[in-house]
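A quick write-up on the structure given underneath.
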Amino acid sequence: MAITPADASSMEMMKGPHSSTLSSPEVPGSSLQVVGSAKNEGCTALELLSIEQDLDHIVTFSAGIDGMLGGGVPVGKITEFCGSPGIGKTQLSIQLAIDATLPEPFGGCGGHSVYIDTEGSFVIDRVVQIATATVRHVHSVAKSSADPELLAVADGYTLEVVLGNIHYYRCHNHIQLIALSNILHQTISNINSKVCLIVVDSIASPFRSSFKDMGLRHRLLSGLAQTFLKLATQFSLAVVFTNQMTTKTQSNGQSQLVPALGESWGHVCTIRVILYWEGKERQAHLYKSPSHPESVVSYQITKDGVRDVTDDDHAGLDSVAKVDWEEIVLQEDESLDKISAVEGRPPSKRHCPLEC
Amino acid sequence: MDKLAVPPAVSISLERAGLRSLSEILEYSSGDLVRRTGLKVYQVQGLIETASEAVLARFKPLTAQDIRQIDNQKLSLGCPLIDETLQGGLLPRSLTEVAGTSAAGKSQLCLQLSLTVQLREKHGGYSSKAVYISTEGPFHSKRLKELAQFMAGKYSYLNAQTLMDNVLVHHSATVQELKVLLNHELPCLLQKNPRNIRLIIIDSLASLFRVEYSYDDSSRAYDLKLIASSLHLLIYQHQLTIVCTNQMTSDTKSNTTRPALGELWSNMVATRLLLLREEGVDNNAAFCPGVNPVPRLLQIDFAPHLPNNTMNYYIDDEGVHGLDAIDPAILDTFD
């Protein structure tokens, strides 16, 4: 088909720089400004590479998963963890929220994290448990290094600081989640320190209950992802979504577990990791990533949080679990006593016989 | 919606476009809103932010440190050993599922919970009443009376009559009835008794769904979702702990049994406890020389705060008790 000069000129217009229309005086205060590359003047792939390499990662405390993702959950991108209930999505989310508060000399970002809970599975006891272990880890690293600077940093890193740096939101439906995402940029600006991470645990839950219009569902989900991606680049923070699994029946009648929210959602997240059981071992499968090859690593959930599987653990996974459990009981005892002392309850009520 | 703080021009355009609720506004993209209302881009941006703030008006920004100060007392199951395995008991404001093989003791545990919730806070209860929704045949009132008498014997401030009176029993024979109960009758009841009812038990959810729908019926999944959302709404609005029981189904592919109702339902549950009677029972565990010496197995299938531990338990006249193979001293107290 021949192209008339008029067509050509209109095409020229379409190719014109977006910035001219977006920053035009008609839209004062519009938040449609292009984020990321500051003035949208374009940059070369080489420049992008150096930006990419400078980007931080948030460690997971499992060297296996970190290595698979190239150092942890990347800043500026959306990472999705999918898995069945009980596989450790919430544990990983809590671990990441805590790790984002790690001081910089200890491999963290020294920032705050925003935790958006849609399932009600953010159990504070467990958060305290993992945070305590993380604080202990930082202190022991500082002590063994005997570097006065590190020791000073570690001294300022306490349980109260960690917990104070995790900002918690509970969303009960998709409208609340969308509303929250719309004003999150204000919230993040209001927090007087750097926010390194937003976790949504889970993205699936509000969209899997009582949605009949799948077209609307997909549109809302894509809109949400876009808002979060904008936040990720604007504030250079990492966004983590967890997703559930669903049963898909194939044409031959066989059923299979696949990530929920449908095929189209699969395109939205930059990085997708699927968590699953292999026998008695938890495994993480990097399913989609623009920069790292597909791979599978093992991990485990201990009382301290997400960790690698070591060779010892292979020998006796069960016995390890039991030992862990006893330690937890001991720890619980102490914290219970402390709490009850504060609240004036009789200490260690668990040991009271049932008699009144 | 009427109180939405937007310029008059914007609210007139909204009226004209037929947008009346906050959720309608938020379900449109900004581009759609510009087209529908004829407003300018910056006006729509302002509108979306105002609407978002209105939706979140009652949100309080909380840090984990703040949450730690909130009362998070767990609900005791009435046995110190089981409570220890569950690190204190059932999570407050949460949905717990008790799945198990037949005759494993699911209903027994539920009955026991309907009594422990009436205990005072210092004994692991909430000093409040329980709603017991029964779907399988008649309610086990005789057994509840038996348990109530034992409970009243242990705690001087309780008496068996009040204990029984404080368990409000409902029957739902169909999913439709359950929906009406959860969406209309219970909210009314809870409104009339603010903070007086803290526990709801559904025994059993599986029987309703497994009778009424075939396995691959898509409306089953949809109705399950609706029930789950109703439950979560009740939990949120009334600070409830909800317990559902579930049956086991056999997986022909791997020749194992797993809880019924499918993956979708599993995702809606925060904690799942398995009660097993036949398989995996440690026969070497010490068992009580009581009336019912069959040791059974309690397993934490998943929970946001617990490792996947297992423990043995048994059931006798006084209810469900944990069994500690290492420490036989505990058995003396039951002699």
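Just so we're on the same page: letters track the sequence lines, and every chain starts at 1.
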What part of [X] gets within 4.5 angstrom of chain B, counting heavy atoms only: side chain, backbone, both, or neither?
X	value
A:Val162	neither
A:Ile87	neither
A:Leu220	side chain
A:His174	side chain
A:Tyr115	neither
A:Gln186	side chain

Between B:Leu22 and A:Ile175, is a side-chain contact (heavy atoms from CB on, under 4.5 Å) present by the stated rule, with each step listed?
CA-CA 9 Å; B:Leu22 291 174; A:Ile175 294 295; 5.7 Å; no
Where the side chain of A:Arg170 meets the backbone of B:Tyr236, is there a donor-acceptor pair that is under 3.5 Å apart?
no
For the backbone of A:Val161 and the side chain of B:Gln65, can you confirm whether one donor and one acceptor N or O come within less than 3.5 Å of each other?
no
Would you mind checking which part of B:Ala51 comes under 4.5 Å of any heavy atom in chain A, side chain (CB onward), backbone (N, CA, C, O), both or neither?
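No part of it gets close to chain A.
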Atom group of B:Ser266 that falls short of 4.5 Å from chain A, counting heavy atoms
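Backbone plus side chain of B:Ser266, per the 4.5 Å heavy-atom cut-off to chain A.
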Taking atom [atom1] of [X] and atom [atom2] of [Y], what is their separation to the nearest 0.5 Å?
X	Y	atom1	atom2	value
A:Lys303	B:Leu306	NZ	CG	15.0 Å
A:Gln176	B:Phe59	CD	CZ	4.0 Å
B:His305	A:Ile94	NE2	CD1	11.0 Å
A:Asn182	B:Leu26	CG	CG	6.0 Å
A:Gln244	B:Met268	CD	CE	6.5 Å
A:His167	B:Leu62	NE2	CG	11.0 Å

Are [X] and [Y] close enough that a side-chain donor and a side-chain acceptor fall under 3.5 Å?
X	Y	answer
A:Glu119	B:His232	no
B:Glu263	A:Thr246	no
B:Gln237	A:His172	no

When A:Val128, A:Ile130, A:Val127 are compared by non-hydrogen pairs under 4.5 Å with chain B, the top option:
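Ranked by heavy-atom pairs under 4.5 Å with chain B, first place is A:Val128.
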Could you check whether any side-chain heavy atom of [X] comes within less than 4.5 Å of a side-chain heavy atom of [Y], counting everything from C-beta outward?
X	Y	answer
B:Glu49	A:His185	yes
A:Leu180	B:Leu56	yes
A:Phe122	B:Ile67	yes
A:Met245	B:Asn267	no
A:Asn165	B:Thr63	no
B:Arg68	A:Asp125	no

Please indicate whether A:Glu160 has more than 12 foreign heavy atoms, meaning atoms of other residues, nucleotides or ligands, lying under 6.0 Å from its CD.
yes
Heavy-atom closest contact (A:Ile124 atom, B:Ala64 atom, distance):
CD1-O, 3.3 Å
